[in-house]
Q: 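Take this structure, written in structure tokens, and hold onto it; I'll ask about it next.
What you are looking at is a predicted structure, and each value in this text was computed from that prediction instead of being measured.
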Amino acid sequence: MVSNGGSNFLLGQTVPCLLFLIFGLVSFVSLQAEAAIKKYQFDVQVSNVSRLCHAKPIVTVNGRFPGPTIYAREGDRVVINVTNHAQYNMSIHWHGLKQYANGWADGPAYITQCPIKTGSTYVYDFNVTGQRGTLWWHAHISVWCNRHLASTRNPVSVPKPRQ
């Protein structure tokens with residue numbers, strides 16, 4: 001014997017499940033809308049800069065010394081397209097940025113990643129998760145036997161999470 005009461009029971013269970021799924025989807029979409037994608041282009045080159053009456057080869061980014069500040073918030077995705085115009089291999093080293101899904105892209109050439117060769121481009125792509133404050137980055141330039149040219153310390157600003 002089959003009764004119609006079972007049909008009403010299933011319908012009663014389906015509606016709350018559908019409402020829960022719709023609410024979850026709307027919440028997920030609204031959270032994603034708050035996160036931004038921050039895109040940067042870094043053109044790295046070595047320039048002679050005079051400091052204290054001495055010219056010295058210095059790593060510059062976009063022709064600037066120090067290089068640009070990266071601004072991001074909790075949950076943002078940061079995408080940095082780095083083009084190496086220097087005559088040496090290089091990489092970008094990130095201090096304080098937790099790169100959970102891509103630790104291989106955290107900087108020192110031949111240690112955590114292959115270097116970016118002259119004329120080549122590499123894209124650093126990471127999410128800002130579980131961190132805030134002023135973090136920093138700098139370039140590593142490989143010159144004969146692992147000597148490094150002078151490089152600047154450049155900030156990454158991650159303020160308090162959105163309210």
Side-chain angles (χ1 to χ4, degrees), residues 24-163:
L25 182 62
V26 169
S27 297
F28 178 75
V29 170
S30 68
L31 286 175
Q32 292 297 322
E34 290 182 20
I37 298 175
K38 305 291 186 163
K39 294 184 179 182
Y40 294 87
Q41 172 64 42
F42 284 9
D43 291 306
V44 179
Q45 63 186 26
V46 176
S47 304
N48 283 324
V49 176
S50 293
R51 297 284 190 251
L52 300 174
C53 302
H54 290 72
K56 193 173 199 174
I58 300 289
V59 177
T60 60
V61 177
N62 301 340
R64 294 175 39 195
F65 177 80
T69 300
I70 297 171
Y71 294 97
R73 290 189 172 271
E74 174 77 23
D76 286 351
R77 178 178 171 199
V78 178
V79 179
I80 303 159
N81 189 54
V82 179
T83 303
N84 181 9
H85 299 285
Q87 61 270 38
Y88 309 107
N89 293 337
M90 59 84 51
S91 62
I92 301 292
H93 189 176
W94 307 95
H95 288 263
L97 284 166
K98 300 172 185 170
Q99 296 190 42
Y100 294 113
N102 57 337
W104 62 85
D106 187 27
Y110 303 108
I111 296 175
T112 58
Q113 76 176 84
C114 293
I116 306 167
K117 295 182 179 183
T118 301
S120 296
T121 298
Y122 182 83
V123 177
Y124 291 92
D125 187 344
F126 53 87
N127 292 316
V128 178
T129 306
Q131 51 208 344
R132 68 174 74 155
T134 301
L135 313 168
W136 56 284
W137 64 270
H138 65 96
H140 276 238
I141 300 281
S142 301
V143 182
W144 314 286
C145 299
N146 211 18
R147 286 183 20 208
H148 295 283
L149 295 174
S151 175
T152 62
R153 288 356 184 213
N154 305 283
V156 177
S157 177
V158 183
K160 288 177 19 180
R162 292 179 180 94
Q163 299 298 332

Q: Can you tell me how far the CG atom of N62 sits from the CG atom of D43, to the nearest 0.5 Å?
A: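 Here the interatomic distance stands at 5.5 Å.
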Q: Is there a side-chain contact between V128 and R73, using heavy atoms and a 4.5 Å cut-off?
A: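 A side-chain contact under 4.5 Å is absent here.
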Q: Identify the heavy atoms of N84 and I116 that sit nearest to each other, and give their distance.
A: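 N84 and I116 have their closest heavy atoms at ND2-O, 2.8 Å.
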Q: Does L97 reach the side chain of Q131, with side-chain heavy atoms less than 4.5 Å apart?
A: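 Heavy-atom side-chain distance check passes, below 4.5 Å.
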Q: What orientation do W94 and F126 show, parallel under 30°, tilted 30 to 60°, or perpendicular over 60°?
A: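 Perpendicular: the ring planes of W94 and F126 meet at over 60°.
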Q: Does Q113 reach the side chain of Y124, with side-chain heavy atoms less than 4.5 Å apart?
A: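 SC-SC contact between Q113 and Y124 confirmed.
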Q: Yes or no on side chain to side chain contact (heavy atoms under 4.5 Å, CB included) for V78 and I70, after CA distance, side-chain angles and deciding distance?
A: CA-CA 9 Å; V78 178; I70 297 171; 4.2 Å; yes
Q: Show your working on side chain to side chain contact (heavy atoms under 4.5 Å, CB included) between N48 and K56 and close with a plain yes or no.
A: CA-CA 5 Å; N48 283 324; K56 193 173 199 174; over 6 Å; no
Q: For residues T118 and N89, report the shortest heavy-atom separation together with the two atoms involved.
A: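 Looking at all heavy atoms of both residues, the shortest contact is N-OD1, 4.2 Å.
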Q: Taking the side chain as everything from C-beta on, heavy atoms only, tell me whether N81 gets closer than 4.5 Å to T121.
A: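 Yes. Closest side-chain heavy atoms under 4.5 Å.
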Q: Working to the nearest 0.5 angstrom, can you tell me the gap between K39 NZ and D125 CG?
A: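 The CG atom of D125 is 9.5 Å from NZ of K39, to the nearest 0.5 Å.
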Q: Any heavy-atom pair between the side chains of H138 and H95 that's under 4.5 Å?
A: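 Yes, their side chains come closer than 4.5 Å.
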Q: Could you tell me whether a side-chain N or O of D76 sits under 3.5 Å from a main-chain N or O of A36, the two making a donor and an acceptor?
A: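 Yes; at least one donor-acceptor contact below 3.5 Å.
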Q: With side chain to side chain contact (heavy atoms under 4.5 Å, CB included) as the criterion, how do V123 and V79 come out once you've worked through the C-alpha distance, each side chain's angles and the decisive distance to 0.1 Å?
A: CA-CA 7 Å; V123 177; V79 179; 3.7 Å; yes
Q: Side chains of T69 and W136, heavy atoms from C-beta outward: is any pair under 4.5 Å?
A: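 Answer no - side chains too far apart.
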Q: Provide the closest heavy-atom pair for P68 versus V61 in the form atom of the first, atom of the second, distance.
A: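 What the structure gives for the nearest pair is CD-CG1, 3.7 Å.
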Q: Kindly give the heavy-atom pair with the smallest separation between H93 and H140, and that separation in Å.
A: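 Closest pair (atom of H93, atom of H140, distance): ND1-NE2, 3.0 Å.
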Q: When you compare the side chain of T60 with that of S47, does any pair of heavy atoms fall below 4.5 Å?
A: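 They are in contact (side-chain heavy atoms under 4.5 Å apart), so the answer is yes.
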Q: Please round to the nearest 0.5 Å and tell me the distance separating atom CE of M90 and atom CZ of F42.
A: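 Taking CE in M90 and CZ in F42, the distance rounds to 9.5 Å.
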Q: Counting distance only, does the side-chain N/O of N127 pair as donor-acceptor with the main-chain N or O of G75 below 3.5 Å?
A: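 Checking the backbone N and O of G75 against the side chain of N127, no donor-acceptor pair under 3.5 Å is found.
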Q: Can you name the nearest heavy-atom pair linking L135 to R132, along with the distance?
A: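 So the minimum-distance heavy-atom pair works out to CD2-O, 4.4 Å.
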